[in-house]
Amino acid sequence: MKRTKINVLLVLDQSPGDVLVKGWVRTKRGSKEFSFMEINDGSCLSNIQILADKDLTHYSDIEALTTGSSVSVMGTLVESPGKGQKWEIKAKEVEIINVAPESYPLQKKRHSDEFLRTIAHLRPRTNKFGATFRLRSEMAYAVHKFYKEKGFRYLTTPLITGSDCEGAGEMFRVTSLDPETVKKMGKMDFSLDFFGRESNLTVSGQLSAEMFAMALGDVYTFGPTFRAENSNTSRHVAEFWMLEPEMAFCDLNGNMDHGEELVKYLTRHAVEECAEDLSLFKNFVDKTLEGRIDILLNSEFARITYTDAVDILKKSGQAFEFPVEYGTDLQSEHERFLAEIYCKKPVFLTDYPKQIKPFYMRVNDDGKTVAAVDLLVPGIGELIGGSQREERLDVLEARMKQMNLPLENYWWYLDSRKYGSVPHSGFGMGFERFLMMITGIGNIRDVIPFPRTPGSIDF
RNA sequence: UCCCCAGUAGCUCAGUUGGCAGAGCAAUUGGCUGUUAACCAAUGGGUCCGCGGUUCAAGUCCGUGCUGGGGAGCCA
């Protein structure tokens, strides 16, 4: 008999008769005459209830089943006379695949996120984390679906990079030399290393993506990204997934239009395809989630220039811990005020002073600002960071010299501005940040399977 | 990296002025004919985060380290 997954069974209108399910025992309520078991196979949030009568062979073994044990159950799918579920299975055969001993750490009660992080290998077996990682999977699919529908090409850029100045924070060094050899060298000699020069894990696929946007038109990358920053916050991990669209013939406004469309598309997909899992987050994780999702879907995102934002903050009358100063980066409290109190919805902040932004951002006509954009989301902070890129070779080279960047290392990047350069734009969206937004989960470590953070690389 | 808070049973936590180590849940055993985080009864369960100090006496006070959480910076 062929196994049926529980998500398929639970939506049936009428019973097909006998069915075979396989899964893990979530809870068992036993008595002398019969036992109820709830089985989950990961296909959906819901369990299916099994009724096991004492007449079954090995009933004493069935009665001894524990939470976490794995079983295979064949029986008749019948309408449940009890409350709380439509269907249940009246078991004919229960095969015990493996009994989980009493040391199984997951109990039939709520556990703290902190505890579950210490057993990250088992936490996907809980309702909350099962829902989280089903949703994560569905959102990754929706990313590809969105870009397929829009005619973008999927680009996989290198994870190991030789550019030492990608410009976004500390990098992890990649080497094949063993520490003893390096010690004997006295001073690190990269020419003896695998690639013959210093190499690192990528902090962004953007520069590569720009090259392909100049060829394929619209591209996106979606893959792991690494930052060696010693960041200890609920919004940072050392290894995360980033989505980076890059679009030829696109200016900053087109960039924002695209970002807004993307966020709304993914959100709508979650609402339409993940309703059951989403209901868990709405009910048990974040009571304000429903309203926030409604705002995401139905409001037009605000768009404010950095200069206007500074004015708004200065006139707000708010007592900020840090002063608002034109020419410096906005503090968290300032960004939060703009998104959560002033706009009460996602807001694109644009046109930052050029001295606080990287070399590749396009210099505006005022000569003071660049065509940068950040999307700030209430409760999350920065979800998207991007820009229109500097496509004018002379302006780009001047800027790089100003910032003391070694032009020769970027010869290939500059070639794109030499040969058929066009206006183009793109941004990076933190995939985990998006998941936090759509689930209401407050710690980024809880939306990634095995989080990597400073001092922590278990599992 | 900086600031603040916490660390006691498998989990969540209480522990008064420094004076015998506690509860709920879980586990184990038994009972129970339709349960829904089932219910009822009994039983077992401790390096009070580590190290050092003060004291007749430290879970409690002091120092230090580690781990975790919240916030800041960096950013996605």
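Below, read A as the first sequence line, B as the second, and so on, with proteins coming before strands; counting in each chain starts at 1.
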Undergrad: Does any N or O donor sit under 3.5 Å from an N or O acceptor when you compare the side chain of Ser231(A) with the base of C74(B)?
TA: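 Looking at the base of C74(B), it does pair with a donor or acceptor on the side chain of Ser231(A) (distance under 3.5 Å).
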Undergrad: Return the value, rounded to whole Å, for the distance between atom CG of Asn232(A) and atom C1' of U67(B).
TA: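 So the CG-C1' distance, Asn232(A) to U67(B), works out to 12 Å.
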Undergrad: I need the residues from residues 236-248 of chain A with at least one non-hydrogen atom less than 4.0 Å from RNA chain B; give them sorted by number, or say none.
TA: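 Heavy-atom cutoff 4.0 Å gives His236(A), Val237(A), Phe240(A), Met242(A).
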Undergrad: Which base, if any, makes a Watson-Crick or G-U wobble pair with G24(B), both distances under 3.5 Å?
TA: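 Across any shown strand, G24(B) pairs with C11(B).
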Undergrad: Measure the distance from CZ on Phe320(A) to P on G73(B) and round it to the nearest whole Å.
TA: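 Rounded to whole Å, this separation is 13 Å.
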Undergrad: May I have all residue pairs that pass side-chain hydrogen bond (donor to acceptor under 3.5 Å, both in side chains) and include part of residues 97-113 of chain A, sequence neighbours excluded?
TA: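 side-chain hydrogen bond (donor to acceptor under 3.5 Å, both in side chains) check on residues 97-113 of chain A returns Asp113(A)-Lys128(A).
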Undergrad: Applying salt bridge (Lys or Arg N to Asp or Glu O under 4.0 Å), name anything that partners Arg26(A), two or more places apart in sequence or on another chain.
TA: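 Salt bridge (Lys or Arg N to Asp or Glu O under 4.0 Å) list for Arg26(A), sorted by chain: empty.
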Undergrad: Looking at residues 115-136 of chain A, who's got a heavy atom less than 4.0 Å off RNA chain B?
TA: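 Those residues are Phe115(A), Arg117(A).
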Undergrad: Checking only heavy atoms, does the side chain of Arg227(A) share a donor-acceptor pair with the base of A76(B) at less than 3.5 Å?
TA: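 Donor-acceptor pair under 3.5 Å: yes.
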Undergrad: Does atom OH of Tyr326(A) have more than 12 heavy-atom neighbours from other groups under 6.0 Å away?
TA: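 Yes, OH of Tyr326(A) has more than 12 neighbouring heavy atoms, counting only those of other groups under 6.0 Å.
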Undergrad: Considering residues at least two apart in sequence or located in another chain, which fulfil the salt bridge (Lys or Arg N to Asp or Glu O under 4.0 Å) criterion with Lys344(A)?
TA: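 Lys344(A) satisfies salt bridge (Lys or Arg N to Asp or Glu O under 4.0 Å) with no residue once adjacent residues are dropped.
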Undergrad: Within this structure, what is the CD-to-P distance between Glu432(A) and A76(B), rounded to whole angstrom?
TA: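 Going from Glu432(A) (CD) to A76(B) (P), I get 14 Å.
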Undergrad: Rounding to an integer number of Å, can you tell me how far Glu382(A) CD sits from A72(B) C1'?
TA: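 It works out to 16 Å between those atoms.
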Undergrad: With distance as the sole test, does Glu260(A) use its side chain to make a donor-acceptor pair with the main-chain N or O of Glu300(A) at under 3.5 Å?
TA: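 Such a contact is absent between Glu260(A) side chain and Glu300(A) backbone.
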Undergrad: When the distance from CZ of Phe34(A) to C1' of U33(B) is rounded to whole Å, what number comes out?
TA: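 The distance from CZ of Phe34(A) to C1' of U33(B) comes to 5 Å, rounded to the nearest Å.
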Undergrad: Evaluate whether atom CD of Gln14(A) has more than 12 neighbouring non-hydrogen atoms of other residues, nucleotides or ligands under 6.0 angstrom away.
TA: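 Incorrect, the count does not exceed 12.
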Undergrad: Is there a side-chain contact between Arg336(A) and the phosphate of A72(B), meaning an N or O under 4.0 Å from OP1 or OP2?
TA: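 True: Arg336(A) side-chain N/O within range (under 4.0 Å) of A72(B) OP1/OP2.
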Undergrad: Under 4.0 Å, heavy atoms only, any strand: does Asn443(A) hit a base, just the sugar-phosphate, or nothing?
TA: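 Since only primed, P, OP1 and OP2 atoms lie under 4.0 Å of Asn443(A), the category is sugar-phosphate.
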Undergrad: Considering every strand and a 4.0 Å limit on heavy-atom distances, what is the contact class for Gln49(A): base, sugar-phosphate, or nothing?
TA: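 Base: the residue Gln49(A), judged by heavy atoms under 4.0 Å, touches a nucleobase.
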Undergrad: For Glu335(A) and G71(B), give me the distance from atom CD to atom C1', rounded to whole Å.
TA: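 These atoms are roughly 15 Å apart.
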Undergrad: Check each residue of residues 81-96 of chain A for a non-hydrogen atom within less than 4.0 Å of any atom in RNA chain B, then write out the ones that pass by number, or none.
TA: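 By residue number: Pro81(A), Gly82(A), Lys83(A), Gln85(A), Glu88(A).
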Undergrad: For the residue pair Thr161(A) / Asn200(A), report whether a side-chain donor-acceptor contact shorter than 3.5 Å exists.
TA: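 Distance-only check fails for Asn200(A) and Thr161(A).
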Undergrad: Taking the P atom in each of U64(B) and G69(B), what is the distance between them to the nearest angstrom?
TA: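 23 Å, rounded to whole Å.
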Undergrad: Taking the six-membered ring for Trp, are Phe152(A) and Phe146(A) closer than 6.0 Å centroid to centroid?
TA: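 Aromatic pair excluded; centres sit 6.0 Å or further apart.
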Undergrad: Where each residue is assigned the nucleotide of RNA chain B containing its nearest heavy atom, which of Thr233(A) and Gly455(A) is assigned the position nearer the 5′ end?
TA: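 This one resolves to Gly455(A).
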Undergrad: Could you check whether Ile444(A) gets within reach of a base, just the sugar-phosphate, or nothing at all, counting any heavy atom under 4.0 Å?
TA: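 Base contact - Ile444(A) has a heavy atom under 4.0 Å of at least one base atom.
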Undergrad: Please list, chain by chain and in numerical order, all residues satisfying salt bridge (Lys or Arg N to Asp or Glu O under 4.0 Å) with Glu335(A), sequence neighbours excluded.
TA: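 By the salt bridge (Lys or Arg N to Asp or Glu O under 4.0 Å) rule, Glu335(A) matches no residue at all.
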Undergrad: C1' atom, G50(B) versus G68(B): distance in rounded Å?
TA: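 It works out to 15 Å between them.
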Undergrad: Can we call the ring centroids of Phe359(A) and Tyr410(A) under 6.0 Å apart?
TA: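 Yes, close enough.
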Undergrad: Could you tell me how far U8(B) sits from U12(B) if I compare only their C1' atoms? Round to whole Å.
TA: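 One C1' to the other, the span is 12 Å.
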Undergrad: Can you build the contact string for nucleotides 24-32 of chain B? Use B for base contact, S for sugar-phosphate-only contact, and - for no protein heavy atom under 4.0 Å.
TA: BSSSS---B
Undergrad: Among G71(B), C11(B), G69(B), which nucleotide sits nearest the side chain of Ser234(A)?
TA: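 Given the options G71(B), C11(B), G69(B), the side chain of Ser234(A) is closest to G71(B).
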Undergrad: Rounding to an integer number of angstrom, what distance separates U17(B) and U55(B) when you compare their C1' atoms?
TA: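 Pairwise C1' distance, U17(B) against U55(B), rounds to 15 Å.
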Undergrad: Is Phe459(A) atom CZ crowded by more than 12 heavy atoms from other residues, nucleotides or ligands, each under 6.0 Å away?
TA: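 Yes.
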Undergrad: On RNA chain B, nearest-nucleotide positions of Ser112(A) versus Glu33(A): which is more 5'?
TA: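 That would be Ser112(A).
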Undergrad: Suppose you measure atom C1' in U67(B) against the same atom in C49(B); what distance do you get, rounded to whole Å?
TA: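 Taking atom C1' in both U67(B) and C49(B), they lie 8 Å apart.
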Undergrad: Under a 3.5 Å cut-off for both distances, is U1(B) Watson-Crick or wobble paired, and to whom?
TA: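 Check on U1(B): paired to A72(B), both distances under 3.5 Å.
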Undergrad: Let me know the distance between CG of Leu376(A) and P of C75(B), rounded to the nearest Å.
TA: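 Rounding to the nearest Å, CG of Leu376(A) and P of C75(B) are 13 Å apart.
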Undergrad: For the pair Glu391(A) and Arg362(A), find out whether any cationic side-chain nitrogen is under 4.0 Å from an anionic carboxylate oxygen.
TA: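 Yes, charged N to carboxylate O under 4.0 Å.
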Undergrad: Write down the distance separating the P atoms in A58(B) and G18(B), rounded off to the nearest Å.
TA: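 Straight-line distance between the two P atoms is 14 Å.
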Undergrad: Can you name the ring-ring contact (aromatic ring centres under 6.0 Å, His included) partners of Phe133(A), sequence neighbours left out?
TA: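 Once residues adjacent in sequence are excluded, Phe133(A) has no partner under the ring-ring contact (aromatic ring centres under 6.0 Å, His included) criterion.
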Undergrad: What's the closest nucleotide to the Arg235(A) side chain, out of C74(B), G69(B), G34(B)?
TA: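 Of all the options, the side chain of Arg235(A) is nearest to C74(B).
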Undergrad: Is any side-chain N or O of Gln331(A) closer than 4.0 Å to OP1 or OP2 of G73(B)?
TA: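 So the side chain of Gln331(A) is within the cut-off, an N or O lying under 4.0 Å from OP1 or OP2 of G73(B).
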Undergrad: Is there a Watson-Crick or G-U wobble partner for U67(B) with both distances under 3.5 Å, and which nucleotide is it?
TA: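 The answer is A6(B), by the H-bond criterion.
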Undergrad: Identify which nucleotide among G71(B), U1(B), C74(B) has an atom closest to any side-chain atom of Glu229(A), counting heavy atoms from C-beta outward.
TA: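 For the Glu229(A) side chain, the nearest candidate turns out to be C74(B).
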Undergrad: Roughly how many Å apart are G63(B) and G70(B), using the C1' atom of each and rounding to a whole number?
TA: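 So the two C1' atoms sit 25 Å from each other.
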Undergrad: What is the base-pairing partner of U33(B), counting Watson-Crick and G-U wobble geometry with both distances under 3.5 Å?
TA: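 Matched U33(B) with nothing under the 3.5 Å cut-off.
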Undergrad: Quickly work out the Asp113(A) CG to C11(B) C1' distance and round it to whole Å.
TA: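 Result: 14 Å.
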Undergrad: Between U1(B) and C11(B), how far is it from one C1' atom to the other, in whole Å?
TA: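 Between the two C1' atoms, the distance is 33 Å.
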Undergrad: Is it true that Thr132(A) and Arg134(A) share a donor-acceptor pair across their side chains at a distance under 3.5 Å?
TA: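 No pair is found: no donor N or O on one side chain lies under 3.5 Å from an acceptor on the other.
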Undergrad: What pairs with Phe36(A) under ring-ring contact (aromatic ring centres under 6.0 Å, His included), at least two apart in sequence or on another chain?
TA: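 Here the qualifying residues are Phe34(A).
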Undergrad: By salt bridge (Lys or Arg N to Asp or Glu O under 4.0 Å), which residues pair with Asp53(A), not counting sequence neighbours?
TA: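 Here no residue qualifies.
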Undergrad: Under the ring-ring contact (aromatic ring centres under 6.0 Å, His included) rule, collect the residues that match up with Phe240(A), sequence neighbours excluded.
TA: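 For Phe240(A) there are no ring-ring contact (aromatic ring centres under 6.0 Å, His included) partners, ignoring immediate neighbours.
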